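These notes concern the structure reproduced below.
Chain A is the first sequence line, chain B the second, and so forth, proteins listed ahead of strands; every chain is numbered from 1. What you are looking at is a predicted structure, and each value in this text was computed from that prediction instead of being measured. Only heavy atoms go into these numbers, but all of them, side chains included; no hydrogens, no water, no symmetry mates.
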Amino acid sequence: MSSTDKPTNFLQNIISEDVQSGKTKQLVTRFPPEPNGYLHIGHAKSICLNFGLAQEFGGTCNLRFDDTNPEKESQEYVDAIQKDIAWLGFEWNGEAKFASNYFGQLFEWAQHLVREGKAYVCELSAEESREYRGDFTRPGKNSPYRDRPAEESLDLLDKMKDGELAEGSASLRAKIDMSSGNMNLRDPVLYRIRHVSHHNTGDTWKIYPTYDFAHGQEDSIEGVTHSICTLEFQDHKPLYEWLLESMPVPSQPRQYEFARLNLNYTITSKRKLKALVDSGVVDGWDDPRMPTIAGLRRRGYTAKAIRRLCDMAGVTRSDSVVDLGMLEFAIRDELDKNAPRSMCVLRPLKLVLTNYPEDKTEVMTGPYHPQRDDMGFREMPFSRELWIEQEDFREEANKKFKRLVIGKRVRLRNAYIIEADAAVKDAAGNITEVHARIIENTVGNDPEDGIRAKGVIHWVDAPSAVSCAINLFDRLFTHESPGSGDEDFMEQLNPDSLVELKGCYSEASLAKAEIGKGFQFERQGYFTRDSRSEDLVFNQTIGLRDSQGKFNS
RNA sequence: UGGGGUGUAGCCAAGCGGUAAGGCAACGGGUUUUGAUCCCGUCAUGCGGAGGUUCGAUCCCUCCCACCCCAGCCA
């Protein structure tokens, strides 16, 4: 390996060895979301990992919905998840798969387990079985139903399936070891009764398999070779293997665990994200402040940048919290290279060029990208009245303020250098207008008198400006680790996470901005057109890096 | 407390007995009609701690410490 090669992660190493030794003929992975919410940035890591590994080793990756709990699942989520994965740039093998399509096979295997004396129907209530389970310090006690005849369990299992037994009145449990230090091995529940209709199977089932009973068997049915999940399932691995070894399954997948992606100032818990949506704190699962794939997309993040973040963060087994700055770097880096430039004034202040004829209009040209001629040039009308940014003008300022000041010069981006003369104020003393003069012959040239401008500001021609609205975003939470400790994440919301600006003015060229494209508004940041608004509304993806403390000067 | 796992810079993360990669952030400097980009430079005598083995230890051994996960008929 040369020093410039990217080091491989532990999963790549494991798979590589399995392939070389012939243990793995063809790699098969899977991404197994439960359709109980939208996908978020944390899922993106798992998606990149599973699909990425399949690509790298010439294998395949299945999309399989782990839909074993009908109460929380819905078709809306199934659809959204597929859209997001495709948008991220990945293609699953064949049709999307569903755990629910394997319910028949799973049930037969459950019967097999009972016949083998490895599972039984338990009629303890939920509360009773909690008591029987014991805790970390005390071993559990065997259920009084543990040694009932297999025939009896089989009969009860049928009744459970046929809806003859009430919810909670019975469950199918594996017969393993009630004294195990691993709580998952204390006769885990395999099937529970739920008289609820399922988004895929409707009312045909009255019982549903638990995650533990379903997952490994689904992997086996699909021929998954490497079943990659997050760290919290480490304790389930012995059970995963016990089940696979106890039933006549077609293949033996292996489970491997990695550390999930955590981002500071961000929540990656579907339960909590759903609470934000349900409470109306955000606009929906795709609110641009949400760390969901849909939210990031609406915010203007690209699939490539998200993949880049996952790549930068790496894959390990140690818990970690990635700095949000890394995600911001990923999107800025991509947009800087690819986003066409334009000008937009967020908080307008009228600028009147007193020495510029009222009836005159020139056409200025500016590059779409300062380093990429291939992107071409755009034209901007220029006339006597322009809009500039309120914060770009001060009546007086120190030398660090590199913008417009009375008596000083500044360059209008892609146009003239101007010199300010006066501020017009209303009765309350607010500045309503600035008067300035252009310095002749300074478009594309330095002034002939040698007095150069100290800075550059953006502008928009007033008569041809297009009115628009802009949404500025900040992190949703004020706390680095929302909801940690005894805190309630709902009380750590950032009140300024959304600033809605109306009456902004953009270059005319932006009127037909395409949804899904990223633009740089020079000196402001990157923006994208909102996908849900009829009017011209831009969402701020991310601001420009600001090394000089722009607002302190 | 029983079981499982993890500790390398502010944040990620390589390293697999031969003398601490890389990225993000930060900080200097240069270029610049975006306070952007770009370019150059700085940033762990140190690898959770203490012992031990060895010519040599982030890596091997022992003990200790810290943090994370598990007591759903959630996944």
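- Partners of A:S125 by side-chain hydrogen bond (donor to acceptor under 3.5 Å, both in side chains), not counting sequence neighbours, listed by chain and number: A:E128.
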Could you list, one pair per line, each protein nitrogen or oxygen that sits under 3.5 Å from a nitrogen or oxygen of nucleotides 57-59 of chain B, together with the distance?
none

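- Take A:D374 and apply the salt bridge (charged side-chain N to carboxylate O under 4.0 Å, His left out) test, not counting sequence neighbours, and it matches A:R372.
- Look at A:R332 and you won't find any side-chain N or O under 4.0 angstrom from OP1 or OP2 of B:U37.
- Under the salt bridge (charged side-chain N to carboxylate O under 4.0 Å, His left out) criterion, A:E389 pairs with no residue, sequence neighbours left out.
- A search for ring-ring contact (aromatic ring centres under 6.0 Å, His included) contacts involving A:H40 returns A:H43, not counting sequence neighbours.
- A:D461 meets the side-chain hydrogen bond (donor to acceptor under 3.5 Å, both in side chains) test with A:S383, A:S464; sequence neighbours excluded.
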Point to revise | Under 4.0 Å protein heavy-atom contacts per nucleotide of nucleotides 7-14 of chain B, with B for base, S for backbone only and - for none | key: ----SSSS

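- Taking the side-chain hydrogen bond (donor to acceptor under 3.5 Å, both in side chains) definition, one finds that A:Y416 meets it with A:E362, sequence neighbours left out.
- Residue A:N69 is in sugar-phosphate contact alone, with no base atom involved, counting any heavy-atom pair closer than 4.0 Å across all strands shown.
- Partners of A:D67 by salt bridge (charged side-chain N to carboxylate O under 4.0 Å, His left out), not counting sequence neighbours: none found.
- Close to B:C74, at under 4.0 Å from its OP1 or OP2, lies a side-chain N or O of A:R192.
- Looking at RNA chain B, the stems built from 3 or more consecutive Watson-Crick or G-U wobble pairs, each pair with its key distances under 3.5 Å, are B:2-7 with B:65-70, B:10-12 with B:22-24, B:26-30 with B:38-42, B:48-52 with B:60-64.
- Looking at residues two or more places apart in sequence or on another chain, you find a side chain to side chain contact (heavy atoms under 4.5 Å, CB included) between A:K274 and A:Y77, A:D278, A:W285.
- With hydrogens and angles left out, the side chain of A:Q524 and the base of B:U34 share no donor-acceptor pair within 3.5 Å.
- Shown here are the salt bridge (charged side-chain N to carboxylate O under 4.0 Å, His left out) partners of A:E241, two or more places apart in sequence or in another chain: A:R254.
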